Amino acid sequence: MIRIVVSPAPIDLPSEIAAAEAGGAGAVATFTGLVRADDGVDCLELEHYPGATEAALTRVAEQAVERWSLQGATIVHRVGPMRPGERIVFVAAAAPHRGDALAACAYLIDRLKTDAPFWKRETRGGTASWVEARESDTAAAARWSATGAG
């Protein structure tokens with residue numbers, strides 16, 4: 001089962017973990033991303049292209065399910081304004097064994113950072129600026145296709 005949610009609503013971690021565990025898998029690996037207060041960030045705002053973003057996230061999840069024979073994959077991503085410390089993304093991979101669950105979880109977060117259309121704007125001290133894509137995110141995503149890792 002694949003579950004994709006893009007919403008301005010806060011991520012309900014206990015509910016998302018319970019849903020990921022409900023499928024009867026032997027292992028569930030999860031990742032939760034939080035808004036960082038790097039260099040005095042007061043607010044991070046994400047915009048997305050409705051429909052296209054969900055479709056891109058679904059493709060990433062489908063690729064993970066095929067690659068590791070997962071029993072489930074979940075991606076929950078927030079949009080809108082968020083403050084440091086708030087949850088911005090939750091990813092879960094459910095598989096029969098921990099190795100596949102852990103690898104698929106890493107794949108999901110690495111690939112969604114480059115494959116899904118999100119636009120980030122940070123506000124520091126009342127000044128807002130758009131955030132460029134990071135080379136480290138591109139490199140993390142590329143390792144899955146360049147080496148066939150996983």
Side-chain angles (χ1 to χ4, degrees), residues 1-21 27-68 70 72-95 98 100-150:
M1 179 180 117
I2 292 175
R3 175 173 152 73
I4 306 296
V5 177
V6 178
S7 169
I11 297 171
D12 181 351
L13 206 51
S15 294
E16 293 300 337
I17 292 171
E21 292 176 349
V28 176
T30 67
F31 172 84
T32 303
L34 306 174
V35 175
R36 295 184 309 265
D38 291 351
D39 300 322
V41 169
D42 300 314
C43 180
L44 176 68
E45 185 166 358
L46 262 69
E47 295 183 10
H48 76 299
Y49 186 63
T53 301
E54 290 85 349
L57 293 174
T58 299
R59 280 192 300 278
V60 169
E62 289 171 343
Q63 292 164 354
V65 168
E66 290 174 17
R67 195 170 185 157
W68 286 281
L70 300 181
T74 301
I75 300 173
V76 180
H77 212 298
R78 286 192 61 196
V79 292
M82 290 163 271
R83 302 281 177 215
E86 290 187 47
R87 295 178 190 116
I88 187 171
V89 64
F90 171 81
V91 168
R98 72 177 182 266
D100 283 352
L102 290 167
C105 186
Y107 176 88
L108 289 168
I109 194 65
D110 286 348
R111 295 305 303 234
L112 80 83
K113 299 229 9 159
T114 58
D115 294 7
F118 289 104
W119 294 270
K120 294 180 183 179
R121 186 172 45 206
E122 294 177 341
T123 302
R124 292 183 176 96
T127 302
S129 61
W130 292 101
V131 178
E132 296 289 328
R134 296 174 188 224
E135 287 185 32
S136 60
D137 290 339
T138 302
R143 73 182 171 112
W144 296 103
S145 56
T147 64

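Quantities reported herein were computed from a predicted structural model and do not represent experimental measurements. The chain is numbered in sequence order, starting from 1.
For the pair His77 and Ile88, the tightest heavy-atom approach, listed with the atom from each and the gap, is ND1-O, 3.5 Å. Residues Ala61 and Leu108 approach most closely at CA-CD2, 3.8 Å, considering heavy atoms. Closest non-hydrogen pair, Leu70 versus Ala93, comes out as CD1-CB, 4.1 Å. When all heavy atoms are compared, the tightest approach of Val89 to Val91 is CG2-CG2, 4.2 Å. Counting all heavy atoms, side chain and backbone alike, Ala101 lies closest to Ala29 at O-CB, 3.3 Å. Here the closest non-hydrogen pair linking Asp12 and Pro14 is OD1-CD, 3.2 Å.
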Donor-acceptor pairs under 3.5 angstrom involving side-chain atoms of residues 2-11: please list them, not counting sequence neighbours.
from, atom 1, to, atom 2, distance (Å)
Arg3, NE, Glu16, OE1, 3.1
Arg3, NH2, Glu16, OE1, 3.4
Arg3, NH2, Glu16, OE2, 2.7
Ser7, OG, Ala9, N, 2.9

Residues 126-133 side chain polar contacts: donor-acceptor under 3.5 Å, at least two apart:
none

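Between Leu57 atom CG and Thr74 atom OG1 the span is 12.0 Å, to the nearest 0.5 Å. In this structure, CZ in Phe31 is found 12.0 Å from CD1 in Ile75, a value given to the nearest 0.5 Å.
Pairs engaging residues 103-114 under the salt bridge (charged side-chain N to carboxylate O under 4.0 Å, His left out) rule: Asp110-Arg143, Arg111-Asp115, Lys113-Asp137 [sequence neighbours left out]. Counting only residues at least two apart or on different chains, no ring pair (Phe, Tyr, Trp, His ring centres under 6.0 Å) pair has a member in residues 46-65. Annotation: salt bridge (charged side-chain N to carboxylate O under 4.0 Å, His left out) contacts involving residues 77-87, sequence neighbours excluded, comprise Arg78-Glu86.
Remark: side-chain polar atoms of Glu54 are paired, donor with acceptor, to backbone N or O of Gly51 under 3.5 angstrom. In this structure, Thr53 contributes its side chain and Pro117 its backbone to a donor-acceptor pair below 3.5 Å.
Residues satisfying the side-chain contact (heavy atoms from CB on, under 4.5 Å) test with Ala19, not counting sequence neighbours, are none.
More than 12 heavy atoms of other shown residues, nucleotides or ligands fall within 6.0 angstrom of atom CZ in Arg124.
Using cut-offs of 30° and 60° for the angle between ring planes, the Trp68 and Trp144 rings count as perpendicular.
Side-chain contact check for Met82 versus Leu46: some heavy-atom pair is nearer than 4.5 Å.
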